[in-house]
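To start, the structure under review is shown below, and the notes come after it.
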Amino acid sequence: MHLITLKPWSETDILETVEESLKIKNHPEKYRHAVGGKSLCLLFQKTSTRTRCAGEVGITQLGGHAHYLDWRTTNFALADLGDEMRVLSAYVDIILARFLKHAELVEAAAAATVPVINGCCDRYHPTQALGDLMTIQEHLGRLEGVKLCFIGVHNNVCNSLIAAGMKVGVEVSVVAPEVNPAAVDKELWEEASRKGLYKPIDTDTIGIERSLEQVTAESDIVYTDTWVDMEFFTDPAFEKERKRRLEKMMPYQLNAKLLQDHACRVMHCLPAHHGYEISGELVNDERSIIFDQSENRLHSMKAICLKLLEES
Ligand code: CP
Ligand code: NVA
């Protein structure tokens, strides 16, 4: 069993993982030898703080071993992808892969003979969404019926929130005047829409202010993410597009004024860009659960590794 996207995961798979994550958080000592010396390889093409640390620290705390590979220092780049994945599968028991392109990750997973976890590609970020459901369950005491609104650029994180949410009854409304081309997944959006659990809000029709007012007033959770994905942030070829987006997206910033009358919780997967998609003040607001959310990546990553190792 892999975790490339949450689409093939059932409601039970997701709920059991969330429940296990909370148990691990509450009693980490009970899991100290849970994986009995197994090895996790982290194969990363992109930078990371949370996902990398959650994987490395998580497997170590479970009694296993982590091995980090920066793609650029390996022979993956100059060899056949299938050959290299087969080789890696012979050394380790599970692989956490952060790839630029979803299609390349799918190809890599097909060649692997051990479970592969998607540590964030351009289309999905499933481990983030599982950690986020854990945080929502922890703070609100429920998942079913929770209303979450995502405000920003529709991206990998937004897709995984929709994919996870539609399995467990979390309604995801999205105010996104921009969609990352790699994140376009009409099949996912249509399925979630049919279930009434994905609601895109059209800013062109009702205006930005009314759109934001409508979703934030009705939401338990207000969520945002970067307007520019990490691989493009310092890319000179993306500079013009980055400036265009920043200008277009500024009216969509999450800040204390927008949420002044709301008792919602605020979430952001991090890394955050203070003063852009979210104000620094709101990151540190009493309604922000952002730092619990980032801590929970650790507990949730442990539960994900345990589940995939048990089922392989
Ligand atoms: N949220 C998240 O995945 O953070 P990193 O990119 O730092 O891993
Ligand atoms: N969506 C952003 C943040 C993921 C943690 C990105 O892909 O860079």
Side-chain angles (χ1 to χ4, degrees), residues 3-6 21 40 42-59 66 68-71 95-105 117-136 148 150-164 172 174 176 178-185 188 221 223-235 238 241-242 245-246 249 252 254 266-274 276-278 283 288-302 304-305:
L3 174 53
I4 303 302
T5 152
L6 285 162
S21 309
L40 167 73
L42 298 98
L43 177 61
F44 277 40
Q45 293 178 342
K46 302 196 266 181
T47 52
S48 170
T49 304
R50 281 143 290 271
T51 309
R52 176 177 176 175
C53 292
E56 289 189 338
V57 175
I59 200 79
Y68 181 79
L69 285 181
D70 177 337
W71 175 273
I95 297 167
L96 174 58
R98 175 166 280 195
F99 276 33
L100 288 159
K101 301 274 177 229
H102 179 69
E104 194 177 28
L105 176 64
I117 303 171
N118 179 358
C120 186
C121 63
D122 54 357
R123 201 164 169 80
Y124 306 113
H125 195 355
T127 64
Q128 181 68 52
L130 287 171
D132 292 344
L133 290 186
M134 171 196 178
T135 304
I136 294 169
L148 180 151
F150 183 96
I151 298 174
V153 172
H154 191 130
N155 63 6
N156 44 13
V157 169
C158 185
N159 271 346
S160 288
L161 288 169
I162 293 169
V172 181
V174 177
E178 291 279 333
V179 182
N180 282 343
V184 173
D185 185 348
L188 170 71
I221 309 275
Y223 197 122
T224 193
D225 183 16
T226 180
W227 296 331
V228 177
D229 279 356
M230 61 185 91
E231 61 267 36
F232 300 114
F233 221 82
T234 52
D235 178 354
F238 203 78
E241 171 64 7
R242 197 175 71 88
R245 283 190 182 198
L246 297 191
M249 295 302 298
Y252 297 86
L254 294 196
V266 176
M267 296 181 77
H268 189 311
C269 58
L270 300 182
H273 309 284
H274 293 199
Y276 292 95
E277 74 274 7
I278 190 164
V283 170
S288 163
I289 54 174
I290 291 171
F291 294 103
D292 285 343
Q293 185 185 356
S294 59
E295 181 198 317
N296 285 343
R297 293 293 311 282
L298 170 65
H299 313 298
S300 174
M301 187 66 81
K302 288 185 185 178
I304 294 165
C305 288

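As the structure lists them, so they are numbered: ligands from 1, and atoms in each ligand from 1.
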Legend entry - Option passing salt bridge (charged side-chain N to carboxylate O under 4.0 Å, His left out) with Glu231 (candidates Arg98, Lys46, Lys101): Lys46

Inset, instruction - Look at the aromatic rings of Trp71 and Phe99 and report parallel, tilted or perpendicular, splitting at 30° and 60°. - result: perpendicular

State the atoms of ligand 1, each with its element, that fall below the 4.0 Å cut-off from a heavy-atom position in [X].
X	value
Met230	6 (O)
Arg297	1 (N), 2 (C), 3 (O)
His125	2 (C), 3 (O)

Starting from [atom], what is the nearest protein heavy atom, named by residue and atom, and what distance separates them?
atom	answer
atom 7 (O) of ligand 1	Thr49 N, 2.6 Å
atom 1 (N) of ligand 2	Asp225 OD2, 2.6 Å
atom 6 (C) of ligand 2	Asp229 OD1, 3.2 Å
atom 4 (O) of ligand 1	Arg50 NE, 2.8 Å
atom 8 (O) of ligand 2	Met230 N, 2.7 Å
atom 6 (O) of ligand 1	Arg98 NH1, 2.9 Å
atom 7 (O) of ligand 2	Asn156 ND2, 2.9 Å

Any heavy-atom pair between the side chains of [Y] and [X] that's under 4.5 Å?
X	Y	value
Phe291	Leu270	yes
Thr127	Leu3	yes
Trp227	Leu246	yes

Inset, instruction - Output yes when the distance from some N or O of ligand 1 to some N or O of Pro271 is under 3.5 Å, and no in every other case. - result: no

Inset, instruction - Answer yes or no: does an N/O atom from Cys269 fall short of 3.5 Å to an N/O atom of ligand 1? - result: yes

Legend entry - No-hydrogen, no-angle side-chain donor-acceptor test under 3.5 Å, Tyr252 and Glu178: no

Say whether, by atom type as modelled, one donor and one acceptor occur between the side chain of [X] and the main chain of [Y] under 3.5 angstrom.
X	Y	result
Thr224	Ile151	yes
Asn296	Gly131	no
Arg50	Glu295	no

Residue [X] vicinity, atoms of ligand 2 by number, heavy atom under 4.0 Å:
X	value
Thr226	2 (C)
His125	4 (C), 5 (C)
Asn155	1 (N)

Legend entry - ligand 2-proximal atoms of Leu270, by part, heavy-atom distance under 4.0 Å: backbone

Legend entry - From Arg123, His125, His154, residue fulfilling side chain to side chain donor-acceptor pair (under 3.5 Å) relative to Asn159: His154

Inset, instruction - Taking all heavy atoms of Leu96 and all of Gly119, pick out the closest pair and write down the distance. - result: CD1-CA, 3.7 Å

Legend entry - Proximity winner for atom 8 (O) of ligand 1, if only heavy atoms of Ser48, Gly55, Ala54 are counted: Ser48

Inset, instruction - Say whether Cys120 and ligand 1 are in contact under the criterion: heavy-atom distance to a ligand atom below 4.0 Å. - result: no

